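Here is the structure we will look at.
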Protein chains: 2
Amino acid sequence: MAYRALSEQEAVEYVKALPGLFNEGATLTSKEIGDGNLNLVFDIRDEATGKSVIVKQALPYARVVGESWPLTVDRARIESEALRIQHKFVPELVPQVYHFDQELALTVMENVGDHIIMRKGLIEGNRYPLFAKQIGKFLAHTLFYTSDLGASPFDKKALVGTFLNPELCKITEDLVFTDPYENAPTNDFNPLIQKEVEAIWNNKPLKLEIAKLKYDFLTRAEALLHGDLHTGSIFITPTSMKAIDPEFAYYGPIGFDIGAVIANLLLNFAGQHGLQKDQGERESYREYLLTTVEDVWNEFVSQFVQLWHRHAKERSAHVEGFWQSYVKRLIQDAAGFAGCKILRRVIGLAGVADLNSIEDPQTRAEAERLALAIGEALILGRGNVEESTDITDIVRTVTARFYQEATTV
Amino acid sequence: MAYRALSEQEAVEYVKALPGLFNEGATLTSKEIGDGNLNLVFDIRDEATGKSVIVKQALPYARVVGESWPLTVDRARIESEALRIQHKFVPELVPQVYHFDQELALTVMENVGDHIIMRKGLIEGNRYPLFAKQIGKFLAHTLFYTSDLGASPFDKKALVGTFLNPELCKITEDLVFTDPYENAPTNDFNPLIQKEVEAIWNNKPLKLEIAKLKYDFLTRAEALLHGDLHTGSIFITPTSMKAIDPEFAYYGPIGFDIGAVIANLLLNFAGQHGLQKDQGERESYREYLLTTVEDVWNEFVSQFVQLWHRHAKERSAHVEGFWQSYVKRLIQDAAGFAGCKILRRVIGLAGVADLNSIEDPQTRAEAERLALAIGEALILGRGNVEESTDITDIVRTVTARFYQEATTV
């Protein structure tokens, strides 16, 4: 069947024709629950049994803040194949794919609608004590087993070819690594921080480090990344976590995925300036966030190194001292990529609700200034990072200076 | 036509059927001039006009020192496509491809038989004053224009997919980066250097650096490499140079190709211990080789940086300070890869005539010890290399110590 966007009713018919998903003769309801900017997302449900699936169909364009541009529906293939691979390694942390249709750019998958979007949960002030363990496992397993450490060189190279993903990579290349650091038309920031943004555009040491990070993103084919692992791609409950939407999946530097998680925790940290009104509450929640940043890295590295010792196929991996120098580079990469991801969310095209939901523009500008200072410090300071507390120390130092200056002024 | 190895006569018939190569009714001679270990190579010639072409056909196996193993004929596709791309950038330095046949794994190309193999020329003591300029240009243009600096991200990613080349990469991964550094069955070295080889197997800091270099080879998709740029893949005359045989082409670290050229000049440098009997001649030729090593890097970097300033499409490339930090990393990579390529030629499966043609085993062992010492020093010292003279200084220091110790003993 040639590509066309399905209606709610057509989505039901499509699913009914697939064997093994619903009982014969079941009455199914269908509701389009996507935001319509990139994909159609149908929640298909048998009210009698409570069983449900998601049908996700890629649209041949992307819409962001009013702009619309064509975008390959091949991203549906990328997403469904990445989900399948990730699900193989960490089945409890990734929705199961039941069916993929190349022509319709359509995936039928497990419905994780009983979870909420983690970004929303953090904005509401929820705590997720299991999250660090869950995401640490997700990162360690999906990255290790698709890297040259855990995969055969033949399997790895075949996967590189499957996930070249040039169009979605270009979005990251432009929006994360290029446009925010010059006066580009895609930028979209609070006019009250014009001065701070211009200071970044003129910060030569910072731009040099970002150029190096971009080049690493372009060339370091280390592992199959999720590619867009922000807190809006993580569905969560107090006991369960699911990483979704890997349409940006491609072979890139491992630190990029880890940095994305850290960046989004820190964007919420900055947003607390306007989200939590009570100072005690704010400080307590920020402590929770910083501890989570530390735990995410610590969980990742402990599980990654265990996999390395037990399952690394690559003979050179077992050379004395190699894993230590490897993970040191990873945390430095993660700090640098986290910094870029923070800056782009403040300056560039796609903001985050952690900051954008602060209603008062003045207060929002303050939170954004803090975010920029944290992002910049992570990028410039990454060369000295060796442990997770080095990252949180940078954040603490920047934050203390921020409030000190606010008091002085 | 299904794959089958051609006879001399069939090669003539094949070429006659191609339009535009020879005059109608021409009388063609055909001679198989390959070594039969990997490929059939037919020299097809019209004696009346002097016009000739090469027909190169991949065999479905590889034979090295008596061993034979199956090897994909897809390498003929890799080779012909790489030749075409390289020819586009530096037409005077690469044989022109006239025709490629996927089924027969066969390429019809320009005959460069009026050139000689550079390794042979060096062993005979010839000097090639234009070589550094020629290979510098070859490296600068082919690597720049296929990198993220000189190619669009879409073209680059498509080329990555075209040149995954897992089977031939595996040969490099094993024979350059793994087997020589442990007691592997593929190794093949002079029994007289057993002690020095074992010292390398037990040298932990060295093995750590080699593991890092291997990981860079596996993951750093910087540019379309030739992949096997030793002096046996370079055809030369006093006025012309052609780089041939890019069947190992794939996306890897730029320093790997540069390091291959440097390594092979230095293998000849070590071989001079047995090749040139007269000490004055030997020292003079070694000076020529070291100057060539310096010139190769200097020519490469000067042309590469010119292309960068004039033609880099990547916006981040023009950030202040980026090209300087980039080329500094390149020369350090080149030094490290050169070291690995030297060690593998002494310890591993495929030796080089620069050393193997030294008849007296004792003298050969001395030359091999010098080569090992140079390779090791380049790998361990690469972190301090910033200019081409830093590389030749390492070689000079190691060589001086080598002859001093020889005198003392």
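In what follows, chains carry the letters A, B, and so on, assigned in the order in which the sequence lines appear, proteins first and then strands, with residues in each chain numbered from 1. Just so you know, these numbers come straight off a predicted model, no measurement behind them. All values below come from the heavy atoms of this structure, side chains included, with hydrogens, waters and symmetry mates left out.
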Exercise for the section: Please report the closest heavy-atom contact between B/Leu164 and A/Gly161, naming both atoms and the distance. Expected result: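 That would be CD1-CA, 3.8 Å.
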Taking atom types as modelled, which donor-acceptor pairs link chain B and chain A at under 3.5 angstrom?
{"from": "B/Lys156", "atom 1": "NZ", "to": "A/Leu218", "atom 2": "O", "distance (Å)": "3.0"}
{"from": "B/Lys157", "atom 1": "NZ", "to": "A/Glu173", "atom 2": "OE2", "distance (Å)": "2.8"}
{"from": "B/Glu173", "atom 1": "OE2", "to": "A/Lys157", "atom 2": "NZ", "distance (Å)": "2.8"}
{"from": "B/Asp179", "atom 1": "OD1", "to": "A/Arg315", "atom 2": "NH1", "distance (Å)": "3.4"}
{"from": "B/Asp179", "atom 1": "OD1", "to": "A/Arg315", "atom 2": "NH2", "distance (Å)": "2.9"}
{"from": "B/Glu182", "atom 1": "OE2", "to": "A/Arg315", "atom 2": "NH1", "distance (Å)": "2.5"}
{"from": "B/Lys204", "atom 1": "NZ", "to": "A/Glu320", "atom 2": "OE1", "distance (Å)": "3.0"}
{"from": "B/Lys214", "atom 1": "NZ", "to": "A/Glu314", "atom 2": "OE1", "distance (Å)": "3.2"}
{"from": "B/Lys214", "atom 1": "NZ", "to": "A/Glu314", "atom 2": "OE2", "distance (Å)": "2.6"}
{"from": "B/Tyr215", "atom 1": "OH", "to": "A/Glu222", "atom 2": "OE2", "distance (Å)": "3.1"}
{"from": "B/Tyr215", "atom 1": "OH", "to": "A/Tyr326", "atom 2": "OH", "distance (Å)": "2.6"}
{"from": "B/Leu218", "atom 1": "O", "to": "A/Lys156", "atom 2": "NZ", "distance (Å)": "3.0"}
{"from": "B/Thr219", "atom 1": "O", "to": "A/Ala221", "atom 2": "N", "distance (Å)": "2.8"}
{"from": "B/Ala221", "atom 1": "N", "to": "A/Thr219", "atom 2": "O", "distance (Å)": "2.8"}
{"from": "B/Glu222", "atom 1": "OE2", "to": "A/Tyr215", "atom 2": "OH", "distance (Å)": "3.1"}
{"from": "B/Glu314", "atom 1": "OE1", "to": "A/Lys214", "atom 2": "NZ", "distance (Å)": "3.3"}
{"from": "B/Glu314", "atom 1": "OE2", "to": "A/Lys214", "atom 2": "NZ", "distance (Å)": "2.6"}
{"from": "B/Arg315", "atom 1": "NH1", "to": "A/Asp179", "atom 2": "OD1", "distance (Å)": "3.3"}
{"from": "B/Arg315", "atom 1": "NH1", "to": "A/Glu182", "atom 2": "OE2", "distance (Å)": "2.5"}
{"from": "B/Arg315", "atom 1": "NH2", "to": "A/Asp179", "atom 2": "OD1", "distance (Å)": "2.9"}
{"from": "B/Glu320", "atom 1": "OE1", "to": "A/Lys204", "atom 2": "NZ", "distance (Å)": "2.9"}
{"from": "B/Tyr326", "atom 1": "OH", "to": "A/Tyr215", "atom 2": "OH", "distance (Å)": "2.6"}

Handout entry: For chain B, the option from A/Ala221, A/Pro253, A/Gly321 that forms the most heavy-atom pairs under 4.5 Å
Key =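 Looking at each option in turn, the highest pair count goes to A/Ala221.
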